[in-house]
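The block underneath contains the structure these notes are about, expressed in structure tokens.
Everything quoted here is computed from the prediction, not taken from an experiment. In what follows, chains carry the letters A, B, and so on, assigned in the order in which the sequence lines appear, proteins first and then strands, with residues in each chain numbered from 1. Worth knowing before you read on, the calculation uses all heavy atoms, side chains too, and leaves out hydrogens, waters and symmetry mates.
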There are 2 protein chains.
Amino acid sequence: MRRFNRAVTVEVGALDSSFLGRGRPLGAARVLTAIGPEGRDVAAIRETLKLDSGLMSRLLRGLEAEGLLTVARDPDDGRRRIARLTPAGAAEVAQYDALSNDRAARLLAAHPRPEALLAAMDLIATALGRDRIEITHIDPEAPAARHCLQNYYAELAQRFETGFDPATSLDPEAAALRPPLGRFLVAMSDGLPVGAVALKGNGTETGELKRLWVAPAARGLGLARRLMAEAQAAARELGMTRLRLDTNRALTEAIALYRRDGWTEIPAFNTEPYAHHWFEKSL
Amino acid sequence: MRRFNRAVTVEVGALDSSFLGRGRPLGAARVLTAIGPEGRDVAAIRETLKLDSGLMSRLLRGLEAEGLLTVARDPDDGRRRIARLTPAGAAEVAQYDALSNDRAARLLAAHPRPEALLAAMDLIATALGRDRIEITHIDPEAPAARHCLQNYYAELAQRFETGFDPATSLDPEAAALRPPLGRFLVAMSDGLPVGAVALKGNGTETGELKRLWVAPAARGLGLARRLMAEAQAAARELGMTRLRLDTNRALTEAIALYRRDGWTEIPAFNTEPYAHHWFEKSL
DNA sequence: CATGGTACCTGACTAAAGTCAGATAATCCG
DNA sequence: CGGATTATCTGACTTTAGTCAGGTACCATG
């Protein structure tokens with residue numbers, strides 16, 4: 001553990017000094033790379049970098065003078081300001097990205113088992129960021145949602161004895177998973193989706209939960225339970241009084257979770273070909 | 001990968017600010033913890049922390065004024081100076097260690113699979129520190145040597161179809177593995193032994209290699225080959241002209257390595273009960 | 001429309017980190 | 001021995017990071 005700390009500190013330090021090689025103090029470089037291609041709220045940048053407003057303001061002024069960004073007032077709220085990269089600024093950010101990608105690529109290329117290395121990093125990033133996992137509502141067709149569903153399907157294909165083909169399963173319409181009918185919830189860890197659940201509604205007081213998934217690196221952190229709790233809260237908000245779900249007998253942990261969390265098994269309420277158990281819970 | 005970087009940077013930053021909580025600037029804290037219980041060469045500290053000599057000198061003076069360390073001249077070389085912790089300094093270091101151990105313990109305790117997390121950290125620490133793996137000669141009864149041998153035996157017990165009991169194997173006397181007869185080589189990565197090989201001598205021109213082991217997290221980095229090369233160089237230094245070794249048929253990678261590196265199979269030259277193959281190489 | 005709160009800016013400051021050019025004493029090497 | 005080299009120290013700097021106390025413009029609310 002201490003060895004890990006040391007190795008990582010050295011690596012972070014080396015990355016920082018390679019950043020310094022571009023002739024700009026680290027604080028300024030961090031602000032620049034925190035803006036993102038779309039531009040970003042000054043307050044949001046300050047929040048993620050934990051900077052004092054005075055310092056932030058000065059750094060922005062410096063970068064503005066270099067011609068790397070522009071700061072404009074937010075049309076929705078005149079107090080807020082939005083920083084946007086100029087083409088020159090975007091080019092600088094690309095240079096910084098290249099520096100860190102190079103290091104990463106070299107590290108991976110030199111390693112005999114790059115997949116193992118990536119899996120290890122994933123595990124550690126999730127472990128370190130576990131208190132920062134946030135559950136948010138997104139559109140069921142957003143990239144993060146697609147990412148979760150793809151991983152979910154891939155895992156089902158592996159775990160079901162019959163395999164899994166999404167085309168033959170009952171696939172809810174996207175409209176049933178977005179307001180005002182339903183919701184799509186994802187758990188995000190540092191910008192990466194690590195879990196999801198879909199709440200399907202049809203305008204009645206009975207909703208349905210579908211597509212509960214947690215990334216392998218984030219399992220055992222109680223994330224599935226948190227997702228379920230958030231989904232139930234969302235269902236209540238939408239005026240639902242009862243939730244149902246179906247599941248496959250291969251998903252034993254999920255079934256155990258449902259039982260523990262007060263779901264009761266009921267007869268089949270749909271014709272889902274992959275389902276063996278059906279559950280219900282009143283809110 | 002970027003996510004890993006961010007998570008780790010945040011963690012390192014958090015650890016740093018918890019260090020600041022002890023009312024001493026980070027630079028001074030780093031110097032203090034870099035000294036180690038035995039005292040350390042000022043130049044060596046400067047090297048690992050990459051500090052300017054002026055800065056280093058001032059930090060030492062400050063810590064000395066606090067009564068946390070003493071600086072004395074090196075008896076072997078009057079230009080060099082050796083920093084040693086006073087009891088008060090050792091207590092401070094213990095406090096810093098406690099801070100980082102607490103964080104580590106909390107992280108591990110909160111994780112569902114602490115072993116997996118540790119293995120992942122080990123893998124990453126080794127991957128990041130691979131250019132810093134150093135091969136040194138140590139005493140065959142030093143703690144690092146014991147550590148390697150224990151892991152080596154444990155692995156043999158698992159891989160040999162008959163199991164492995166060191167008591168029934170031909171165990172070289174420690175004297176045959178230390179100068180002037182032989183050598184014991186370990187590969188150290190940031191203070192942790194990650195590989196070893198023993199060179200057994202009996203005063204003649206024929207030596208024997210034994211106990212070649214590489215830690216799982218460090219496999220595939222070509223470390224076994226480096227260890228073999230260093231051992232051969234050490235054998236030449238000791239005036240040997242021929243090396244022999246025996247091995248078990250379960251150790252297929254090792255056998256492949258010997259063949260690739262110019263060893264030739266020969267008839268049994270000893271009665272090692274666990275051996276199936278015997279090799280020889282002239283230097 | 002006054003009031004309190006928010007987001008940002010500015011100026012004045014401090015602490016920490018790092019740089020640079022000698023100075024000094026010890027060692028190495030021919 | 002004498003010149004070159006090395007390890008450390010000292011003093012005089014600069015840069016970066018960060019803090020703090022106002023100040024200005026804007027928003028939300030009764």
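Contact record, A:Gly201 with A:Met240: CA-CE, 3.8 Å, taken as the closest heavy-atom pair. Looking at every heavy atom in both residues, B:Ala196 comes nearest to B:Val186 through CB-CG1, 4.1 Å. Of all heavy-atom pairs between B:Thr126 and B:Ala217, the closest is CG2-O, 3.7 Å.
Side-chain contact between B:Ile124 and A:Met121: present, with at least one pair of heavy atoms (C-beta onward) separated by less than 4.5 Å. A heavy-atom distance below 4.5 Å is not found between the side chains of B:Arg178 and B:Arg183.
Listed by chain and number, the residues in a side-chain hydrogen bond (donor to acceptor under 3.5 Å, both in side chains) with B:Asp97 amount to none (sequence neighbours excluded). Checked against side-chain hydrogen bond (donor to acceptor under 3.5 Å, both in side chains), B:Arg80 has the following partners two or more places apart in sequence or in another chain: B:Asp41. In this structure B:Glu134 satisfies the side-chain hydrogen bond (donor to acceptor under 3.5 Å, both in side chains) test with no other residue, sequence neighbours excluded. Residues meeting the side-chain hydrogen bond (donor to acceptor under 3.5 Å, both in side chains) test with B:Arg73, sequence neighbours left out: none. Residues passing the side-chain contact (heavy atoms from CB on, under 4.5 Å) test with A:Arg22, sequence neighbours excluded: A:Glu92, A:Gln95, A:Tyr96, A:Leu99.
Ion pairing between a basic and an acidic side chain is recognised when a charged N comes within 4.0 Å of a carboxylate O; B:Arg84 and B:Glu38 show no such pairing.
The span of DNA chain D lying next to chain A, judged by atoms under 4.0 Å from heavy atoms, is bounded 5' to 3' by D:dT16 to D:dC27.
Legend: ring pair (Phe, Tyr, Trp, His ring centres under 6.0 Å) pairs involving residues 61-80 of chain A, not counting sequence neighbours: none detected. Within the structure, the side chain to side chain donor-acceptor pair (under 3.5 Å) test picks out the following pairs touching residues 45-60 of chain A (sequence neighbours left out): A:Ser57-A:Arg61.
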Per-nucleotide protein contact string for nucleotides 25-30 of chain C (B base, S sugar-phosphate only, - none; heavy atom under 4.0 Å): -BS---
Between N or O atoms, less than 3.5 Å apart, protein on one side and nucleotides 12-14 of chain C on the other: list the pairs.
residue : atom : partner : partner atom : Å
C:dA12  : N6   : A:Arg58 : NH2          : 3.3

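Rounded to an integer number of Å, the gap from A:Arg81 CZ to C:dT10 C1' is 13 Å.
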Applying side-chain contact (heavy atoms from CB on, under 4.5 Å), run through B:Val31 and B:Met56 and close with a yes or a no. CA-CA 8 Å; B:Val31 169; B:Met56 179 81 217; 3.9 Å; yes
Would A:Leu85 and A:Val93 satisfy side-chain contact (heavy atoms from CB on, under 4.5 Å), going step by step from the backbone distance to the final call? CA-CA 9 Å; A:Leu85 293 171; A:Val93 170; 3.8 Å; yes
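For DNA chain D, the neighbouring residues in residues 22-42 of chain A, judged by any heavy atom under 4.0 Å, are A:Pro25, A:Leu26, A:Gly27. Proximity of residues 43-56 of chain A to DNA chain D (heavy atom under 4.0 angstrom from any strand atom) is restricted to A:Leu51, A:Asp52, A:Leu55.
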